[in-house]
Amino acid sequence: MAAIQDGLKCYSPKTATITWSVLKNALEAARDENLIRRNPAKMVRPVSGRRRPMKVLSPAQAAELIRNEPDPMWRLNWLLAFATGLRQGERLGLTMDELTTLNGRRALVIDHQLQRVPDSRRADWPLGEDVTDLGNGFWLCPPKTDSGERIVVLDDVMCGALDEWLAIRKQKGVDSPMLFVTGRGTPIDRRIEYFHWDTALLRIGIVNGEDGVRLRPHSARHTADTLFANAGVPESARLALMGHSDGAMDNVYLHADTEALLKASEGATGALRLTD
């Protein structure tokens with residue numbers, strides 16, 4: 001039995017609970033159709049367990065990581081991660097078409113994310129789903145939630161980092177719809193970002209996972225949330241900017257309040273003290 005367990009992949013309590021709930025509902029539908037006599041999932045109690053607290057970088061550590069990144073592309077990537085709260089797939093899935101101007105301010109229109117499905121035959125997207133096959137198992141698909149579709153207005157710090165990377169990108173003759181690319185001009189796999197993330201942490205004296213708890217790129221969203229709070233960004237705007245709430249999204253973007261979005265970005269980069 002132990003040998004069998006050793007070969008099994010472990011999942012978080014949340015993943016197990018969601019899986020149990022989906023299976024229970026499917027089996028209940030089958031029971032309603034008289035395909036089975038009873039729902040065996042109802043005889044199993046859902047998994048319980050506490051989530052391990054996420055390890056995150058402080059605003060000062062985030063700023064140090066950004067300052068010590070020598071590569072302009074990755075510096076821009078880390079800046080967007082910590083100062084906008086973009087999810088990993090949203091950042092890696094940014095395209096040149098998402099660079100826009102809103103009421104005279106440069107901005108990002110977040111309307112998809114990057115996913116990797118190594119075997120394209122496994123990419124069984126729902127009917128009507130707006131997806132783009134980039135080749136080599138890379139797909140552009142809608143954000144995690146409907147509220148994930150949003151606008152991020154870039155402040156001067158972000159624009160400076162973006163322009164630096166765009167100039168280098170043009171000099172290299174990169175021919176790709178993606179903003180962030182590998183040296184071969186292909187989309188960046190999450191594993192590649194994990195490698196550069198660990199390297200960036202080493203530059204500021206952090207050995208990732210040394211204490212048994214790994215810092216993940218996703219944790220940058222929590223740092224961003226702290227930066228928004230420290231900058232006094234209203235909660236409704238903060239939720240919308242991070243793609244959490246449809247209601248908040250309506251409140252912030254209904255009238256394209258560019259200045260409010262700009263102040264949020266300036267508040268985040270200001271809290272990072274990158275211009276000191």
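In this chain, numbering begins with 1 at the start of the sequence shown.
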Any salt bridge linking E90 with R150? Criterion: basic side-chain nitrogen under 4.0 Å from a carboxylate oxygen.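 So E90 pairs with R150 through a salt bridge.
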Taking side-chain contact (heavy atoms from CB on, under 4.5 Å) as the criterion, tell me which of L154, V157, D155 meets it with E266. D155
Can you name the one residue among R216, R190, R221 that meets side-chain contact (heavy atoms from CB on, under 4.5 Å) with Q88? R190
hydrophobic_cluster_shared for F180 and L99, side chain cutoff 4.5 Å: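 Cluster IDs for L99 and F180 match.
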About how many Å separate [atom2] of [Y] and [atom1] of [X], when rounded to the nearest 0.5 Å?
X: R169; Y: S176; atom1: CZ; atom2: OG; answer: 5.5 Å
X: L262; Y: N103; atom1: CG; atom2: CG; answer: 11.0 Å
X: S58; Y: E64; atom1: OG; atom2: CD; answer: 8.5 Å

What residue pairs, at least two apart or across chains, pass side-chain hydrogen bond (donor to acceptor under 3.5 Å, both in side chains) with a residue in residues 203-213? K55-D211, E69-R203, D198-N208
With T84, which residues qualify under side-chain hydrogen bond (donor to acceptor under 3.5 Å, both in side chains), at least two apart?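 T84 satisfies side-chain hydrogen bond (donor to acceptor under 3.5 Å, both in side chains) with no other residue.
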Within-4.5 Å side-chain heavy-atom neighbours: D163 and R106: yes
Row check, F138 ring normal vs R116 NZ/CZ: under 6.0 Å, within 45°: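 Relative to the ring axis of F138, which defines the angle, R116 lies inside both limits.
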Contacts of type ring pair (Phe, Tyr, Trp, His ring centres under 6.0 Å), residue W78, not counting sequence neighbours: W74, W197
Start with the C-alpha gap between R91 and N77, add the side-chain angles, then the distance that decides, and say whether side chain to side chain donor-acceptor pair (under 3.5 Å) holds. CA-CA 7 Å; R91 284 183 285 105; N77 186 46; 2.9 Å; yes
